[in-house]
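Notes follow the structure.
Chain naming here is simple, since letters A, B, ... match the order of the sequence lines and numbering starts at 1 in each.
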Protein chains: 4
Amino acid sequence: MNRPVLDEKAKGVYVITVTPFTDEGSLDLESTDRVIDFYLEKGADGLTVLGVMGEAPKLTAEESAQYVKRVLDRVKGRIPTIVGVSSPGYAAMKELSDRVMDLGAAGVMVGPAATVRTDDQAYSYYEMVAETLGGKTPFCVQDHPLAYSVQLPAPVLLKIFRNIPSAVMLKHEDYPGPGLAKLAALRAAKDARRISILAGNGGGLFLPEELSRGADGAMTGFGYPEMMVGVCKAHAAGDIERAHDLFDAYLPLARYEQQSAAGLAVRKYMLQKRGAIASAAIRKPGPKLSPADIADIDRLIARQEKRLRELG
Amino acid sequence: MNRPVLDEKAKGVYVITVTPFTDEGSLDLESTDRVIDFYLEKGADGLTVLGVMGEAPKLTAEESAQYVKRVLDRVKGRIPTIVGVSSPGYAAMKELSDRVMDLGAAGVMVGPAATVRTDDQAYSYYEMVAETLGGKTPFCVQDHPLAYSVQLPAPVLLKIFRNIPSAVMLKHEDYPGPGLAKLAALRAAKDARRISILAGNGGGLFLPEELSRGADGAMTGFGYPEMMVGVCKAHAAGDIERAHDLFDAYLPLARYEQQSAAGLAVRKYMLQKRGAIASAAIRKPGPKLSPADIADIDRLIARQEKRLRELG
Amino acid sequence: MNRPVLDEKAKGVYVITVTPFTDEGSLDLESTDRVIDFYLEKGADGLTVLGVMGEAPKLTAEESAQYVKRVLDRVKGRIPTIVGVSSPGYAAMKELSDRVMDLGAAGVMVGPAATVRTDDQAYSYYEMVAETLGGKTPFCVQDHPLAYSVQLPAPVLLKIFRNIPSAVMLKHEDYPGPGLAKLAALRAAKDARRISILAGNGGGLFLPEELSRGADGAMTGFGYPEMMVGVCKAHAAGDIERAHDLFDAYLPLARYEQQSAAGLAVRKYMLQKRGAIASAAIRKPGPKLSPADIADIDRLIARQEKRLRELG
Amino acid sequence: MNRPVLDEKAKGVYVITVTPFTDEGSLDLESTDRVIDFYLEKGADGLTVLGVMGEAPKLTAEESAQYVKRVLDRVKGRIPTIVGVSSPGYAAMKELSDRVMDLGAAGVMVGPAATVRTDDQAYSYYEMVAETLGGKTPFCVQDHPLAYSVQLPAPVLLKIFRNIPSAVMLKHEDYPGPGLAKLAALRAAKDARRISILAGNGGGLFLPEELSRGADGAMTGFGYPEMMVGVCKAHAAGDIERAHDLFDAYLPLARYEQQSAAGLAVRKYMLQKRGAIASAAIRKPGPKLSPADIADIDRLIARQEKRLRELG
């Protein structure tokens with residue numbers, strides 16, 4: 001099988017996939033095929049599976065492997081797939097990483113352990129991650145203080161990327177935080193190794209500005225991935241105003257998805273409505289949408305379609 | 001002096017004021033007059049001063065009193081002014097509250113002490129607040145977990161409002177959190193006392209939906225208060241689509257203001273640009289905008305003006 | 001096989017086991033046998049495995065099962081064994097729980113999910129836990145805010161135990177927090193169901209006082225389990241001063257074990273020195289003792305032995 | 001007035017003072033005199049006022065000034081007095097610092113702002129503190145992650161002390177955390193400026209070990225300051241076993257004081273019982289002791305007296 005390998009040149013839109021479940025809460029592998037096809041049709045340049053928004057912690061070890069295998073079998077190496085392997089222990093991280101790399105993953109993604117508190121600890125942690133993964137498995141550093149309660153300041157990230165060759169990508173989501181300023185600092189640093197930075201502050205709510213500061217693309221999972229694809233393309237073509245026009249048309253809905261703990265339920269509802277998955281169910285424990293939520297979303301979708309027609 | 005008193009019927013837009021400083025970092029009382037006039041011109045129904053976004057913790061006790069007096073002297077009772085009096089101790093809370101009520105404030109606002117952890121503690125805290133304030137001073141409960149790291153679940157809020165007559169208003173900003181679901185639960189509860197709820201989730205980023213769920217208005221400080229005023233008026237008039245049209249036109253800029261720790265710097269830059277304050281300076285410690293930030297904002301303002309012209 | 005089942009009458013000392021590793025970091029099953037024998041010799045009334053101090057999160061799923069099986073095979077049902085099955089998702093919790101109950105565990109222990117924030121959520125979480133576990137698996141509620149960042153106030157615990165028959169035990173470790181006051185409140189509550197409460201505030205640093213407030217025993221893992229056993233016995237015999245004498249003799253060392261993030265390394269060093277495990281190694285990521293730490297511990301052990309001889 | 005000035009050579013026991021209130025909650029200035037006399041009689045080498053345990057945040061600005069003046073008037077320059085001036089803003093910090101230095105304080109103490117998250121921010125914060133205080137006011141850096149939720153790793157502290165001459169002392173209380181390891185690292189660092197380090201991990205629960213790692217003394221407020229004084233003297237005289245004997249005799253009670261949120265209530269109860277203050281009242285909001293708590297303390301005091309008699 002053709003098997004892409006993650007490297008520093010990665011760019012474009014890496015869609016964070018949802019994990020489809022049936023209404024009863026079991027893995028829905030047919031919907032897995034369908035949603036992967038959907039992401040490919042909408043122009044995804046890569047996929048990221050088993051992220052927090054993919055409900056990874058709710059899967060059993062066996063289910064995780066089953067799901068990743070199904071995704072990789074469906075993708076057939078057409079685009080790179082990154083697998084989230086963050087874990088409190090290196091043993092479990094290595095086990096999952098080895099397994100998914102054997103199955104054909106392009107690389108893995110690792111967020112900092114909850115015990116990391118200082119700059120030195122953060123750097124040492126990623127040194128140990130690289131050693132654990134074996135030096136040959138390329139990995140993406142996930143910078144997401146809201147999820148991990150750990151800060152990865154610019155000097156630490158620069159040191160990681162300068163010294164660890166298998167660290168090839170940064171998923172940058174320092175929100176609310178320095179956000180754009182940190183992204184700019186990473187790009188402006190002298191002697192910095194040029195790695196791939198995919199942005200996702202606030203779930204993609206700052207995409208046009210992130211691209212202007214030097215992001216190579218986006219890694220997020222908004223239910224309309226064509227927004228990210230369109231914005232990235234317009235931006236790459238130098239048509240900044242067009243990038244903003246597109247972005248603004250989707251913004252009311254994208255904002256709504258970030259509204260609350262129910263964000264994933266909003267995302268799955270949109271994907272179900274678009275035919276990409278059979279059920280919007282979230283595995284327990286998880287939130288449910290109220291009729292008023294659904295009315296909100298339906299209104300926002302209708303307004304979005306109207307606005308997109310106006311834009312042409 | 002005519003002196004409005006806060007009660008359960010409060011509605012509309014309560015603008016959270018900025019505290020203007022000179023470039024050198026001292027209180028700018030002339031700009032204080034100017035920005036109050038600006039808020040009044042834009043249609044504010046009330047003001048909230050000495051909030052977190054008003055840099056209250058950076059003022060000395062003397063400066064706080066000086067600033068509040070200046071605001072109240074300028075407002076001359078035309079609209080109600082609420083003063084933030086949250087404090088780790090009841091003694092300081094009472095001192096400031098008594099002082100500002102004497103000066104003509106309409107009521108005060110109190111967030112939970114950082115030591116509050118359980119439902120019972122939260123309720124007891126507000127019981128003690130009411131006793132401290134003396135029973136005659138109407139107050140607004142500030143529900144803002146991101147700032148206070150304290151949860152105020154719906155059952156606790158309902159109990160507070162049922163039992164404490166001087167608790168007349170809720171500033172609701174449970175974001176990211178249950179957000180709209182909590183607002184809806186408060187309004188749907190049986191036997192609930194009907195108090196005023198002013199919303200500000202995500203700094204106003206969910207205003208149309210909050211109004212639909214029963215908010216009486218907004219309490220936030222976005223640099224274009226006419227947005228909140230316009231959205232509330234259109235909504236009150238039943239023109240929901242118009243409310244969304246207006247909201248969407250301002251959303252790209254409103255979102256940018258919420259982007260990061262630099263949010264207040266963005267807000268002050270807008271107010272300075274609009275002539276409402278002389279300097280955009282934030283008192284130290286605080287962030288500064290980069291040229292790239294300013295370029296972003298200027299672009300967003302230009303796009304916003306264009307969009308507003310299209311809307312008519 | 002004889003197989004004890006956890007119920008509300010459980011009392012005495014449940015030792016939280018360490019998970020022995022070789023110096024190279026692999027599971028040491030021979031030391032597992034040895035340390036279990038050690039705990040039995042020292043008078044353990046029960047065991048708790050796969051707790052946080054058992055390095056559970058660092059084990060792979062396969063290793064967890066292997067370790068639990070080894071422990072249960074060694075214990076041969078002589079005393080009850082509780083297995084920690086806390087998990088971000090119910091599916092993994094059920095899978096592990098079913099597996100260990102089949103192997104002969106007496107019950108399981110579950111801490112609250114990190115997403116729990118309010119009283120209602122905490123209660124609902126445990127309702128769902130009971131449903132997930134199937135109603136027949138007895139479980140222990142782990143109240144440990146320092147580890148889980150979740151509060152379980154007394155009213156919530158009382159409601160859980162009143163309504164959920166399979167919740168039969170509380171591991172109480174609300175430290176630093178209400179601690180003794182909460183324990184007393186649980187025992188004093190009217191209409192409360194009488195369940196087993198095993199205490200472990202500060203790793204056992206308040207054992208005599210906890211017993212006085214109504215704890216049925218201790219659940220903690222101090223390297224000298226005979227201290228907990230002796231204190232509980234003296235207390236049960238009504239010899240409170242003797243209980244304190246014993247406790248005080250061990251206190252300087254017990255306190256040292258709680259000194260820092262290196263607590264588990266201190267515990268394993270003591271167990272290795274006592275011949276209970278072959279290596280004091282902690283699986284990465286984890287701390288190491290310095291020569292100065294070891295000198296401290298050796299001094300404290302010598303002083304402890306002297307003091308115990310004085311006490312007779 | 002003779003007026004000691006804080007410098008790098010400070011050593012011994014700096015007692016963190018309580019702030020006495022009457023049962024009705026007002027400042028008790030007569031008890032202030034009495035407790036200062038008490039601390040001096042017990043051998044305090046210095047005092048620290050307006051710390052968190054001094055209920056500083058509950059005082060009004062006017063009360064703070066009144067209290068500090070009373071303390072300084074009573075001390076009459078016999079020993080140095082440090083005043084806590086931590087504040088969210090530099091303006092208030094400067095105001096209080098200037099005021100207390102004018103009144104005769106020997107120096108001030110500053111903990112990190114809650115906004116500090118990275119190593120660079122922590123260093124910059126203290127650079128700005130030094131500038132704010134004016135370069136001539138000597139200050140103590142308070143490292144207390146449990147209270148401030150901010151980490152000050154060893155490299156940051158070394159940089160602060162290397163570059164900022166007016167930073168002359170560290171109050172070290174990184175607990176639970178690296179604790180002793182960090183203290184040792186600070187002392188072992190090459191090219192480090194030799195500043196004063198006063199220790200207080202866990203409220204003094206690790207004093208003998210902290211002295212062995214290079215602490216110059218203690219800064220904490222245990223109700224029996226003669227313990228800290230005795231331990232420091234025995235240690236300085238090279239009688240390590242005697243230092244431990246003394247420490248162990250007080251440990252059961254010292255541990256109890258650290259047991260919970262009620263720690264300050266325990267401390268004030270002991271001071272009242274010893275005649276050092278008229279009322280054990282804590283200003284609201286604050287905890288109260290139960291009869292069972294008081295019985296515990298009385299038992300521990302009796303046992304402590306017996307043990308001290310045995311030791312001679």
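- Counting heavy-atom pairs under 4.5 Å between each of P208(A), S212(A), A295(A), A292(A) and chain B puts A292(A) at the top.
- A 6.0 Å sphere centred on NZ of K42(A) holds more than 12 heavy atoms belonging to other residues, nucleotides or ligands.
- Side-chain contact between Y256(B) and L180(A) is present, with at least one heavy-atom pair separated by less than 4.5 Å.
- Note: D245(A) CG to R307(B) CZ = 9.5 Å, rounded to the nearest 0.5 Å.
- Proximity to chain B is absent for every atom of N201(A), based on heavy atoms less than 4.5 angstrom apart.
- To the nearest 0.5 angstrom, L300(A) atom CG is 7.5 Å from D248(B) atom CG.
- With a 4.5 Å cut-off on side-chain heavy atoms, S290(A) and R213(B) count as touching.
- Within a 6.0 Å sphere centred on NZ of K273(B), other residues, nucleotides and ligands contribute more than 12 heavy atoms.
- Contact of D174(A) with chain B is not made at all, since no heavy-atom distance falls under 4.5 Å.
- By the 4.0 Å N-to-carboxylate-O rule, E209(A) lies close enough to R255(B) to be salt-bridged with it.
- A distance of 11.0 Å separates CG of L205(A) from CD of Q258(B), quoted to the nearest 0.5 Å.
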